[in-house]
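Report on the structure given below.
Each chain gets a letter, A, B and so on, in the order its sequence line appears, and its residues count up from 1. These values consider heavy atoms only, across backbone and side chains, with no hydrogens, waters or symmetry-generated copies.
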Amino acid sequence: MTTTNLLELSGVHTHIGAYHILHGVNLAVPKGQLTMLLGRNGAGKTTTLRTIMGLWHASQGSVRFGSTDITAMHTPQIAELGIAYVPENMGIFSDLTVKENMLLAARAAKNADQMDDARLKWIFKLFPAVEKFWNHPAGKLSGGQKQMLAVSRAIVEPRELLIVDEPSKGLAPAIINNMIDAFSELKKSGVTILLVEQNINFAQRLGDTVAVMDNGAVVHSGSMAAFSADEALQQSLLGLAL
Amino acid sequence: MLETRNLTIRFGGHVAVNAVSCAFAPGTLTAIVGPNGAGKTTYFNLISGQLKATEGTVTLDGQSLSGLPASARTRAGLGRAFQLTNLFPNLTVLENVRLAVQATREGAHRRGLNLWSIWSDHRALTERADQILADVALKAKEHATVASLPHGDQRKLEVALLMALEPKVFMFDEPTAGMNAAEAPVILDLIRALKKDKTKTILLVEHKMDVVRELADRIIVLHNGQLVADGEPSEVIASPVVQEAYLGVAKEVA
Amino acid sequence: QSNEIRIAHIYSKTGPLEAYGKQTQTGLMMGLDYATGGTMMVNGKKLVVIEKDDQGKPDLGKSLLAAAYADDKAAIAVGPTSSGVALAMLPVAEEYKKILLVEPAVADSITGDKWNKYIFRTGRNSSQDAISNAVAIDKPGVTVATLAQDNAFGRDGVKAFKDALKKAKLAHEEYLPAATTDFTAGAQRLIDKLKDQPGRKIIWIVWAGAGNPFKIVDLDLKRYNIEIATGGNILPAMAAYKALPGMEGAAYYYFGIPKNPVNEAMVAAHYKEFKTPPDFFTAGGFSAAMALVTALKKTGGDTNTNKLISTMEGMSFDTPKGKMTFRKEDHQAMQSMYHFKIKVDPAFAWGVPELVHEIKPEEMDIPIRNKR
Amino acid sequence: MNKDFDWKPLALVPLLALIALPLTGSVSTWLTLTVAGLAMGMIIFIIASGLTLVFGLMDVLNFGHGVFIALGAFVASTVLGGMSDWTGSQELWRNLVAVFPAMLVAMLVAGAVGLAFERFIVRPVYGQHLKQILITMGGMIIGEELIKVIWGPGQIPLPLPDALRGSLFIGDAAISKYRILAVIVGVFVFGLLAWTLGRTKIGLLIRAGVQDREMVESLGYRIGRIFVGVFVVGSALAGLGGVMWGLFQQNLIPQMGAQVNVLIFIVIIIGGLGSTTGALIGALLVGLMNNYTGFLMPTLTQFASIFLMVAVLLWRPQGVYPVANR
Amino acid sequence: MISRLLSNDMPRNRLLALLLLAVVLGLAFAPFIFPGVKALSVAAKVLVFIVLVASFDLLLGYTGIVSFAQTMFFGIGAYGVAISATRLGSGWGALLLGLGVALAISLVLSLAIGLFSLRVRAIFFAMITLAVASAFQTLASQMSDFTGGEDGLTFKLPELISPSFEFAEEPFLGVSLDGRLLCYYLLFVLAVVLVLALLRIVNSPFGRVLQAIRENEFRAEAIGYRVVVYRTTASVLSALFATLAGAMLAIWLRYNGPDTSLSFEIMIDVLLIVVIGGMGTMYGAVVGSVIFVVAQSYLQDLLRIGSEAASGLPGLSSLLSPDRWLLWLGVLFVLSVYYFPTGIVGRLRK
Ligand SMILES: Nc1ncnc2c1ncn2[C@@H]1O[C@H](COP(=O)(O)OP(=O)(O)OP(=O)(O)O)[C@@H](O)[C@H]1O
Ligand SMILES: Nc1ncnc2c1ncn2[C@@H]1O[C@H](COP(=O)(O)OP(=O)(O)OP(=O)(O)O)[C@@H](O)[C@H]1O
Ligand SMILES: [Mg+2]
Ligand SMILES: [Mg+2]
């Protein structure tokens, strides 16, 4: 199977202030697949995602999205190319209602009536809380509900690439199942997904390819199947067996 | 003994915690589980005083805490770590912990209002803080500012602050959420050590069922704000409410 | 050193009264030039003016005056623009035993209870303003109500005015906060008090500052036959008078009114330099210069303070407003004021005050308020 | 939105007027005061409306806002000064023809200066209140001094066009004509703002951007440009407010902007930071309150609006219409 | 020893230490190093501002409260001295009584404002204090029988610290030994003591709690600190120190009026100094005050030189005119926020 890479980072270095965080990250996200980015706390996963989104800029190396070089582009431009991003802290607008949060994510809609009904229904089915609290201020949601809203926002309109930072944290097992369903459905519809995850089961069930980071660099990448099978590798990279 | 009686809170029409009566004995670890939005965090908020109950009471060792503000409840012996990390972002890791040590040790409320002694003279506080940081494996980063810590380390610090308070009641709200599987044991070991102490009351909100199964002496289940199950871990997990509403039938992943 | 006479001019070069202060400075320089015949010399000594900016701040004025006397060795100081600054400065003159010629600060207490013997004033004081206005409108059968700022300036003014009214009846005193912008409420109270009075009804306004109390005519006072009267003001402020043709009052100065050679010279010089007529405070600065040079000429250029004081007490000197005399008791310059009536002339951007009558110093009974 | 519209704050305005009725004594006096107060409120609303956007929505504590008000007024004086044929005319339409371009030019100039102000002064300090206070204060000083350089440090007159002087009468109660114009302009500004913020996404975007700028950008919005745009509109509205305020005062001083700062901050706070309706109510309440206390207890007028603000905050600590749940 | 005196809060940077040493020595010997009435006035103003700014930094830098009422308390101190000296004569008793009454009023007022407003949103607190301060200013000018209104009060103080008192015939090192000199040293000692006291307070356990509250009020409450108590205590302390600074001003000027101690302009100067110096560092107050007050006092002189140099270029020279000194002060505001985001002390310590 020959796959083209939708997103490609090569030799990316990122500095935050005086700190040198990423030391030459090479990462390829094949089109139409779900790529899992794993690694210990502090390995640089979040930093990598933020660098892709242009929230921090690489000091060296390049980031390509499809045929576009997005290394130096500004965040809104990058998002407009068709990338949705769920940050680690969820980025909920707590003063706005759930509806308003969703409306902002739906770029094509001018007001709430113009949002895609079928898609909303689908979201409501996956994450009932979003419907239930539709007119509530989002700041009042529970931790898990916020997480659901954050993911719902990312999928309210179709996007080519979905980047999600730890979507499963704080979710009840039943909802994690929904989340897994959601991502597999999205994948089926042709969306490419890049996920950072700590929940290994989650990672294993969904991932097509895997990349493991440590100390600001990708130290392993390959297919999920091969990674799952190789316990010694897991042990050495993550300090545990899946 | 921590006890809530008929504890209720309404937000407009929505009853987030509905008449929950429950007692927690020292020396036991009670896990609180339930779907997202079940009211677990809100229940904690009611106990620790971040929210005012619409109805019901909270007592600790027979002393009523109901009218007290959060700070007074903390001084009375309730300790709390938050679900969403909530620290002093521009102070160093060490100072964060030291502040918590100062807050509750040795009648230290007065010490907090002490305007005239020099802070750095209070060596004992620093030593204690250092010790706690060693416990949560953050010693190496004690001079880093909190804002620059990765998410996982912030979670650890959150727990460290709780430890520093040396409360009678420990309330953990998803302490390992977002923590790497290799790091989580540090926190879990701490909780195990607390359990050994046998005098502490421990409440733990956690979605990872393997953790719950291993640590809990007892599980209570909240659903739509109501207490719907209470008992032995294996029993409760096997019960149909939990299987259906929480675990999403048998497709357990965590 | 002995070939120079240093004069410090401390005024609001900047701050809220900047525009006034600058007029004074212009007038002072023109006056010195005129009085010395363009030489800036008196008895072979050069007059040097040192400018200092008090920014309208009393504390600053105070330390500047001290610095002027001590560091800059000024023999005489002129200024300042604001009364508050002047009052803070008075003790400094006494401390350093040097003359302070106050111009144009108006507060009565400068030559009243806060006075000391080193203080002279060429500018008019509040009483002169108020009393001249009283003289202008004080007729039998007239009912007057006053509208003033609720501060020392307004209350002093009304008090002096009230004391000077002999024939007219005072119906009401209205004090509004100095920062008032909407005068409707005050106007309504005035109307309520005046509307049922018989005879001629006048609201006398004493107001300095940003608000525009003349807007009350928009409430159509004519319905009740109520007129408005007020003193003179600087030209931009008199733009508001355009809406009040026929209004009467008494002014300190208007360039078209006094007929004397000094005024003619000043107006001509001012037109030449700035293409505009001189204003209120220009005349003041000019008068101060005339007083200084007259005194210095009399002492033969001697700046000994006691000698200057004895020379200046009772001294008369020419100014754009005619002859002024420093009263011996309180060193206040006695001077004419002008009863005017507003005429609207499209050639001018302001309401033009036409002279009705020159109120000579003798016609005004200005009380002596210092405790000498 | 209409179903559960919170009418209580709206009722405050007639309530205040009713309380004042027995106190003022005569109906015609009360009517004069009330109508003048409401119209004054409208003028205050116009000068405060820009700040609703800048401070209320964008959360920029712009102490320099007053400078745009002053700027608008001074620009108007120049424009009107050049059209004395039109302003001097007795015909209303000719006067309005003169006032309209004055407003337009004032808004354009204020908006353009706002653009520069945003770029050089406000942009580095979004989200940092303290620095905003300082840097905009600096901007205010610079602006005021530049006004002095251009128009001179003194007072300059801005006479009201002839046909707008004087009053109309309802029985014995007088209503000055200019205030009627102010009400018309105020209603127009209110309508436009309420529509833009209520019916389009722009209001949401700004509020979201204030909370989490990075997230809004990650959603693909160029929040930087939106902020610039809103700031420019806010400044232009301040310029318009300046024209109205200047014509009301009839004379201008460079410090006039600083003088209205506290007043408009009070209005915005009463309104609930960012709510247009709230700001309108705040302005009307302040206008009425000033007139009633001015009539009943003149010495207390200065404290009236502060008292009002404290009272409102005791009732609703977030202002009458907190924007978060608008 | 020095370290205890500074409450173990050392400058932690050699340049900063040298700078502070220079400031202290410069102020200690100011009458001898910088001759002239103006220079001494500037030095005295620096002393007053150091205390005022340091008191404000306790509130702003350490506790994170933005208040515009600091000059109100400053004014209360100044009026306390001024009114009692005007009414009760020029004795030490009157001076102390006035100060005592002023401190009591500040205490009550700051307590009231604190308890009421610290419960509302931070930004509302700022606006409320702004409104209260402006109302207070109006009040001071309206109660003119008592306060002298806009004109203010000029008064006499004890002989010992008045200019007319000379305790030695001969000048010493060219400086006449008079009451003015004594007055300056009184201020100097007061300033040193007060700043050291503030330094002690911010480095006490209490001071640390304040910083915690500034960082995250919610969490500070959760770990057991009663936030309202701490914040109110901080506002009261800050108000009291500001009152003392006001008294120092009145003692030096022997005059007080609304513009001198209550004006919003002073408030803004104070804010700017805190930012230039470095928020949350008492040393910032010291360094910032010196730089700012000196710059403000001599800016006009500097501009005069500039505008003479630029007299050939009409546009530039009207901008460089000394009358437009405020313009440049405004530019200074803007630039200092741009280039010293952490203040001088923050930058040096980095
Ligand atoms: N603002 C910052 N300033 C300085 N260092 C930072 C900052 N943000 C992150 N870092 C550092 O960058 C490194 C990588 O952090 P990052 O957040 O990318 O880790 P992560 O892999 O996402 O960890 P986690 O799983 O805990 O979220 C960490 O060592 C962290 O301390
Ligand atoms: N301040 C509030 N105002 C209104 N509703 C609230 C408030 N706080 C919580 N809620 C609601 O109460 C319910 C319970 O929330 P809570 O945070 O206790 O859930 P939780 O059980 O902790 O869930 P999670 O596992 O997702 O953290 C939620 O539906 C939430 O929306
Ligand atoms: Mg991360
Ligand atoms: Mg929760």
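With respect to chain E, the highest number of heavy-atom pairs below 4.5 Å among D:D59, D:L61, D:L130 belongs to D:L130. Taking chain E as the reference chain and counting heavy-atom pairs below 4.5 Å, the highest number among D:V310, D:I266, D:V125, D:L273 is found for D:L273. Across E:L130, E:V66, E:I268, the residue that shares the most heavy-atom pairs under 4.5 angstrom with chain D is E:I268. Per-residue heavy-atom pair counts under 4.5 Å with chain E were compared for D:I121, D:L314, D:I142, and the maximum is reached by D:I142.
Across D:R119 and E:Y338, no two heavy atoms sit closer than the pair O-OH, 4.2 Å.
Both the backbone and the side chain of E:L271 come within contact range of chain D, each with at least one heavy atom under 4.5 Å from a heavy atom of that chain. Using a 4.5 Å cut-off between heavy atoms, D:I268 makes no contact with chain E at all. Interface remark: E:L139 contributes backbone and side-chain atoms alike to the contact with chain D (heavy atom separation under 4.5 Å).
Taking the six-membered ring where tryptophan is involved, the planes of D:F63 and E:F264 are essentially parallel, since the angle between them stays under 30° and well short of 60°.
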Review item, side-chain donor-acceptor pairs of residues 300-309 of chain D, under 3.5 Å, at least two apart:
unit_1	atom_1	unit_2	atom_2	d
D:T301	OG1	D:P298	O	2.3

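Of residues 278-295 of chain D, no residue lies under 4.5 Å from chain E by any heavy-atom pair. Within residues 143-154 of chain D, the residues having any heavy atom closer than 4.5 Å to a heavy atom of chain E are D:E145, D:L146, D:K148, D:V149, listed by residue number. Residues of residues 132-141 of chain D having a heavy atom under 4.5 Å from any heavy atom of chain E, listed by number: D:I133, D:L134, D:I135, D:M137, D:G138, D:G139, D:I141.
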